[in-house]
Amino acid sequence: MSETNNNENSAAPTVRFADFGLAPEILRALSDQGYVHPTPIQAQAIPVVLQGRDVMGAAQTGTGKTAGFSLPIIQMLLAHASTSMSPARHPVRALILTPTRELAVQVAENVKAYAAHTPLRSTVVFGGMDMKPQTEILRRGVEIVIATPGRLLDHVEQKNISLGQVQMLVMDEADRMLDMGFLPDLQRIINLLPKKRQNLMFSATFSPEIKKLAGSFLTNPTTIEVARSNATADKVTQVVYKVAEEQKRDVVEFLIRSRELKQVIVFSNTKIGASRLSRSLEQAGIKASAIHGDKTQQERMAALEAFKKGEIEVLVATDVAARGLDISDLPCVINYDLPYNAEDYVHRIGRTGRAGASGDALSVYSDKDERLLADIEKLIKQTITRGELTGFAPYARGASAGYGGERRARRSGESESRPSRTSSSAPPPRREKVDPWFLKPYEPSTVTRKEAAPTGPASPSSKPKQKVAALLGGLPKP
DNA sequence: AAAAAAC
């Protein structure tokens, strides 16, 4: 919701939502929330969408993308009444696809608020939850559906929903929607849609390869680019700390404590890593929860909710939480692992510094990650400050293999993924009983920053993505 | 090389 509450960023102070010819019901919803001025992406996207044009929209997170497509969609649906009478005079006319369930929920909340004073109905469908309540709502009829791909197709197969009347398609976080894992489902969905429709694609990052692939789904698209492509959020201060691989966990804990336990999201590259780190932090007395794809949907939503409410201090997440999630006032993101895809770095650190606020993005890395760091710096075209850890003392853990004393993973899926360690008959290494450094009184401002020598501007990424290129030729055009 | 997304 706060994505639109960004008046300081408005393109021109004189532009108002009222200038776009939006219906009074929409303007009322906006004024309900105190929104008067559009953000730059909204100021650009709304008129273009209202013209019926396809859009490829590149904008950083926290710039108001969601309202940028939601508001004109609602306007278009209001202006052009449906001619269909089925089902229940509410055929699906706009479809919004997202790569994660939590993002679908968030977008749906926004759409519902913007359409609150209109007769348009919307709902969200996603996996991990009972089909029945979703089915009931779909059968009663909705004009706008926000969905994750798999569950949407499930509903299609069960004839709970027909996509034959969809006039507008949105792909949120389009670069993710177009990656290898999602593309087959996406293609199936697109094949169910009318050929004549309006397509909107939004993402913070559009690599050249994804841009090309996206273009194959769009008709004469208008490109909207608010910040420079692949730019990191302007107000995010980035620091990287090079540490020994075995010390990453302790350093992350140190960084969390050095920030006096203000709320922070910690990103791990793996589900197991996220669970372990979360448990380890909890054992150290830090209120933490993990969110990743091996958790039940209830657990995922509970963790996110607890974090938003401030009930937990640390959310340890995989990239399920990297994109689009709007957590207001998040001051800090920590990368426990550097992401394999440089673009995911941009998405991750975009969780902080949202809606004009400042934020810190701290990353730990070791020798073997130098290449990943180089890729990231190349993508964002800047050298990230190398930080020095002052006052950090490693916590002696006995076994050199990282986390001593970790218990066997609770969830079966997690233990299955690591048979070598968890299925062995040898007892797990025991954590040595030493006086943890973090039980000693903390001395603030021990984390110092050191400017790194600039290495000059990097050239744009030219790493070929053959798989995507192959798909470009291999998949039929919708 | 990993994560996400349907049961």
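Remember, it's a predicted structure, so these values are computed and weren't measured experimentally. Here is how names work: the chains are called A, B, and so on, in the same order as the sequence lines, proteins then strands, and each is numbered from 1. The analysis underlying the following values was restricted to heavy atoms, covering all of them including side chains, and did not include hydrogens, waters or symmetry mates.
As rounded to whole Å, 8 Å separates atom P of B/dA3 from atom CD1 of A/Ile272. The nearest whole Å value for the distance from the CG atom in A/Leu103 to the P atom in B/dA5 is 11 Å. Atom P of nucleotide B/dA1 and atom CG of A/Asp344 are separated by 16 Å, given to the nearest angstrom. Counting to the nearest Å, the C1' atom of B/dA3 and the CZ atom of A/Arg348 are 10 Å from each other. The interatomic distance linking A/Asp319 (CG) with B/dA5 (C1') rounds to 14 Å, in whole Å. With rounding to whole Å, A/Arg323 atom CZ is found 14 Å from B/dA5 atom C1'. Taking atom NE2 on A/His292 and atom P on B/dA2, their separation rounds to 15 Å, with Å as the unit. Taking atom CG on A/Leu97 and atom P on B/dA6, their separation rounds to 11 Å, with Å as the unit.
Nucleic acid contact for A/Gly181: base, since at least one base atom lies under 4.0 Å from a heavy atom of the residue. As judged by a 4.0 angstrom heavy-atom cut-off over every strand, A/Asp185 is placed among residues making no nucleic acid contact.
With sequence neighbours left out, A/Lys242 forms a salt bridge (Lys or Arg N to Asp or Glu O under 4.0 Å) with A/Asp367, A/Glu370. Taking the side-chain hydrogen bond (donor to acceptor under 3.5 Å, both in side chains) definition, one finds that A/Asp172 meets it with nothing, sequence neighbours left out.
Taking the side chain of A/Phe182 as heavy atoms from C-beta on, and the options B/dA1, B/dA6, B/dA4, the nearest nucleotide is B/dA4. Nearest to the side-chain atoms of A/Arg300 among the listed nucleotides B/dA1, B/dA4, B/dA6 stands B/dA4. In this structure, the nucleotide among B/dA2, B/dA4, B/dA5 sitting nearest to the side chain of A/Glu102 is B/dA5. Proximity note for A/Asn341 (side chain, C-beta onward) versus B/dA6, B/dA4, B/dA2: the nearest is B/dA2.
Taking the ring centroids of A/Phe202 and A/Phe69, they lie under the 6.0 Å cut-off.
Close to B/dA1, at under 4.0 Å from its OP1 or OP2, lies no side-chain N or O of A/Thr270. Contact between the side-chain N/O atoms of A/Arg101 and the OP1/OP2 oxygens of B/dA6 is found at a separation under 4.0 Å. Side-chain nitrogen and oxygen atoms of A/Thr148 include none within less than 4.0 Å of the OP1 or OP2 phosphate oxygen of B/dA4. OP1 or OP2 of B/dA1 has not a single side-chain nitrogen or oxygen of A/Arg371 nearer than 4.0 Å.
Using a 4.0 Å cut-off between a side-chain N of Lys or Arg and a carboxylate O of Asp or Glu, A/Arg300 and A/Asp294 do not qualify as a salt bridge.
With hydrogens and angles left out, the side-chain atoms of A/Gln198 and A/Arg53 include no donor and acceptor closer than 3.5 Å.
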